[in-house]
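Note that the structure is a prediction, hence the values are computed from the model and not measured.
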Amino acid sequence: MCGIAGWLSFGQNMQTQRDTLQTMTETMSKRGPDAGGLWIDGPIGLGHRRLSIIDLEGGRQPMLARRDDGLEAAAITYSGEVYNFRELRTELKVLGHRFESHSDTEVALRAYVEWGESFVDRLNGMYAFALWDLRTRELLLVRDRMGVKPLFYYETADGVVFGSEPKALLANPLVPRTVRADGLRELLEMVKTPGQAIFAGMREVLPGEVVRFNEHGSHRRRYWQLEAREHADSLEQTIRHTRDLLEDIVQRQIVSDVPLCSLLSGGLDSSIITALASKKLLAAGKPNIRSFSVDFVDHGSAFTSDAVRGTPDAPYVRDLVARIHSTHNEIVLDSAELGDPALRSLVVQALDLPPAYWGDMWPSLYRLFEQVRQHSTVALSGESADEVFGGYRWFHDPVAIEAQTFPWLTSVTGKYFDGKTLFDATLLNQFDMPGFVQDSYSQAIAETPVLASESTTERRMRQMSYVNLTRFVQTLLDRKDRMSMAVGLEVRVPFCDHRLVEYAFNIPWEMKAFDGREKSILRAATRDLLPDSIADRVKSPYPSTQDPAYEQALRTSLAHIMASDRAPVRALLDASKVKHTLDRTVGASSPMHERMGMELAVGLNTWLTEQDVTLDL
């Protein structure tokens, strides 16, 4: 895993912009702490920061490929992992290619030299890269099918500026630190519009997209999207095929030349990945998997169930560890420390955006990954199984299913994603937030592929799956990517393998929930790997602190904002609503929507102040 940056300008020689290119590249140093490189050829400059995972000595970048006649053919700056690189390498060697390294980067580069732009159809992995063809003088920006790895770009008058994170682009004087109304709307709602990058003029390469730049302009092409297909397998065949896919996926994703671990919550998804990784490693005669879980000081003894989290994680974690005998580490976090403004600042620096929603999960993930990185460089995660197999409560809530909006904004969970409560009503009316959400939702529904033969119920559940797989999951992947890469940790997400996603997307809902529970197919396919306690456990999200010390730290930060004439977010807030929140008795918990409002206000103020962002509303 790495960080990339670059600049294409057909109107100038990039040698004159070496200092700017170097500055852009160095903003990615936390994503790639092990090495760095810069390659310039006329109008193109490619920058790279490396986190060494495969072929520690031979995988240096940017990397150049030559033709048989010795002439340069293509150059690449690459972030991610291609999990089928060994098979592709063998195929390319049969075709006459000679390799100078054992890295997956060189495989991707030579695959392009051999097959041209269609090489992306052969890749299995998580990746984002820029590839310059010296023969055609074209630049390709490529992103993996599910958008696990980020890639941003800003088109200029004669080319493009690009990078793994917005900070790489913002280090270029051509890219403004400006946010307009459309960008602020995205921050105020739990809505992820594909391609929208918040900053004015900046875009994200879409999942499964190639964007090509040449002297005539740019061209965008989706090489992969979800498709609706008839599902011919029986229930028994579906369960078996799901298991076969998971076995193959985990086998591929445990390949690493550096220490590997698993993130274990005690839930179904992370337990499956951890158990499979343990099984594969032991079968290969390697040491058992190292696992990590997270908890909070006194959380176990003081845990209180609520509408979202019914049980604490620790007992279930212990059950799996006892079953597979992993080398386990429990990371215990201090809730009060999670509200430290210095930690929030680190989160904002990593994200380049305010940590809206999810509350204390941002700083807790940062601290968790920070401690995991002391032992491992690569971690396996159970992220995305809920989107793939229908695990969230809103998949099973009639109100959410029938609502003509994003299901996570309804019913029980809606209050967890409403951060607008402290903001000025006039401002919100000016932005027409309901209209914005409805337009975004309508766009997602219009995109959803369907089958003419589907029943009304099946079509509705396919729509539910689609909005989760193309909108909601991206917010989770972004969160995990930024918090992990900020400390130089690569997190792999086996449930995002496109083969599994494609297959599960087309399993009829009646079969997907055949026993009346969430993730029925997944449970049936993996029950033999797990203790009954985990196989039967009800879905519980990533843990959140219940210690009032965290909320008190939020209130303190908000009070400081209201007391400062220079706090930029003050002009966006409703002072009377803020006063009502701050006047609550110390130790009395605020309603969830007020807490989310504090989270967004405090995070937004930190972002506007420390990132020197201009709001152009």
Is there a donor in the side chain of [X] and an acceptor in the side chain of [Y], or the other way round, less than 3.5 Å apart?
X: S265; Y: S270; value: yes
X: Y127; Y: D104; value: no
X: E204; Y: Q196; value: no
X: N124; Y: R252; value: no
X: T105; Y: S103; value: no
X: E490; Y: T377; value: no
X: T193; Y: E186; value: yes
X: H219; Y: R212; value: no

Note, [X] side chain near [Y] side chain (heavy atom, < 4.5 Å):
X: L500; Y: F495; answer: yes
X: F369; Y: M485; answer: no
X: Y366; Y: L351; answer: no
X: L140; Y: V211; answer: no
X: L338; Y: R344; answer: no
X: F129; Y: R143; answer: no
X: D295; Y: I331; answer: no
X: Q253; Y: P494; answer: yes

**Study point:** Lys/Arg N to Asp/Glu carboxylate O, E502 vs R499, below 4.0 Å
**Key:** no

**Study point:** R31/D481 ion pair, N-O < 4.0 Å
**Key:** yes

[X] versus [Y], closest heavy-atom pair with distance:
X: G267; Y: S271; answer: O-OG, 2.6 Å
X: S376; Y: L489; answer: O-CD1, 3.6 Å
X: L477; Y: S384; answer: CD2-OG, 3.8 Å
X: E106; Y: S101; answer: OE1-OG, 2.6 Å
X: R49; Y: S29; answer: NE-CA, 3.7 Å
X: D352; Y: Q611; answer: OD1-OE1, 3.8 Å

Check your understanding: Under the side chain to side chain donor-acceptor pair (under 3.5 Å) criterion, do N288 and S326 qualify, and how do the steps go?
Key -> CA-CA 6 Å; N288 204 345; S326 61; 6.0 Å; no

Exercise for review: Please find out if less than 6.0 Å separates the ring center of F162 from that of Y153.
Suggested key: no

Practice item. Would you check if the distance from the ring center of F292 to the ring center of H375 is below 6.0 Å? Key: yes

Look up atom [atom1] in [X] and atom [atom2] in [Y], then write down how far apart they are to the nearest 0.5 Å.
X: N468; Y: Q474; atom1: CG; atom2: CD; answer: 13.0 Å
X: T23; Y: L170; atom1: OG1; atom2: CG; answer: 13.0 Å
X: Y83; Y: L88; atom1: OH; atom2: CG; answer: 14.5 Å
X: T77; Y: M63; atom1: OG1; atom2: CE; answer: 10.5 Å

Review point. Under the 6.0 Å and 45° cation-pi test, does R203 pair with Y154?
Key: no

Practice item. Start with the C-alpha distance between Q22 and E26, add both sets of side-chain angles, then the distance that settles side chain to side chain donor-acceptor pair (under 3.5 Å), and finish with yes or no. Key: CA-CA 6 Å; Q22 189 65 47; E26 287 308 304; 3.1 Å; yes

Check your understanding: Does the pair W7 and I40 meet the rule for a side-chain contact (heavy atoms from CB on, under 4.5 Å), with working shown?
Key -> CA-CA 10 Å; W7 185 3; I40 296 174; over 6 Å; no

Revision key, fill the gap. Result for salt bridge (charged side-chain N to carboxylate O under 4.0 Å, His left out) between E209 and one of R221, R220, R145, R222 points to R220

Practice item. Please lay out, stage by stage, how S293 and H328 fare under the test side chain to side chain donor-acceptor pair (under 3.5 Å). Key: CA-CA 8 Å; S293 63; H328 187 68; 3.0 Å; yes

**Study point:** Verdict with reasoning, N329 to R290, per side-chain contact (heavy atoms from CB on, under 4.5 Å)
**Key:** CA-CA 8 Å; N329 300 75; R290 180 187 287 272; 3.0 Å; yes

Review point. So with a 6.0 Å cut-off around CZ of R86, is the heavy-atom count from everything else above 12?
Key: no

Practice item. Apply the test side chain to side chain donor-acceptor pair (under 3.5 Å) to residues Q349 and S345: give CA-CA distance (whole Å), side-chain angles for both, the deciding distance (0.1 Å), then the verdict. Key: CA-CA 6 Å; Q349 290 171 31; S345 179; 3.1 Å; yes

Check your understanding: In terms of the angle between their ring planes, are W132 and F10 parallel, tilted or perpendicular, with boundaries placed at 30° and 60°?
Key -> tilted

Practice item. Begin with the C-alpha distance, continue with both residues' side-chain angles, and end with the deciding distance and a verdict on side-chain contact (heavy atoms from CB on, under 4.5 Å) for V161 and M24. Key: CA-CA 10 Å; V161 178; M24 292 171 60; 3.4 Å; yes

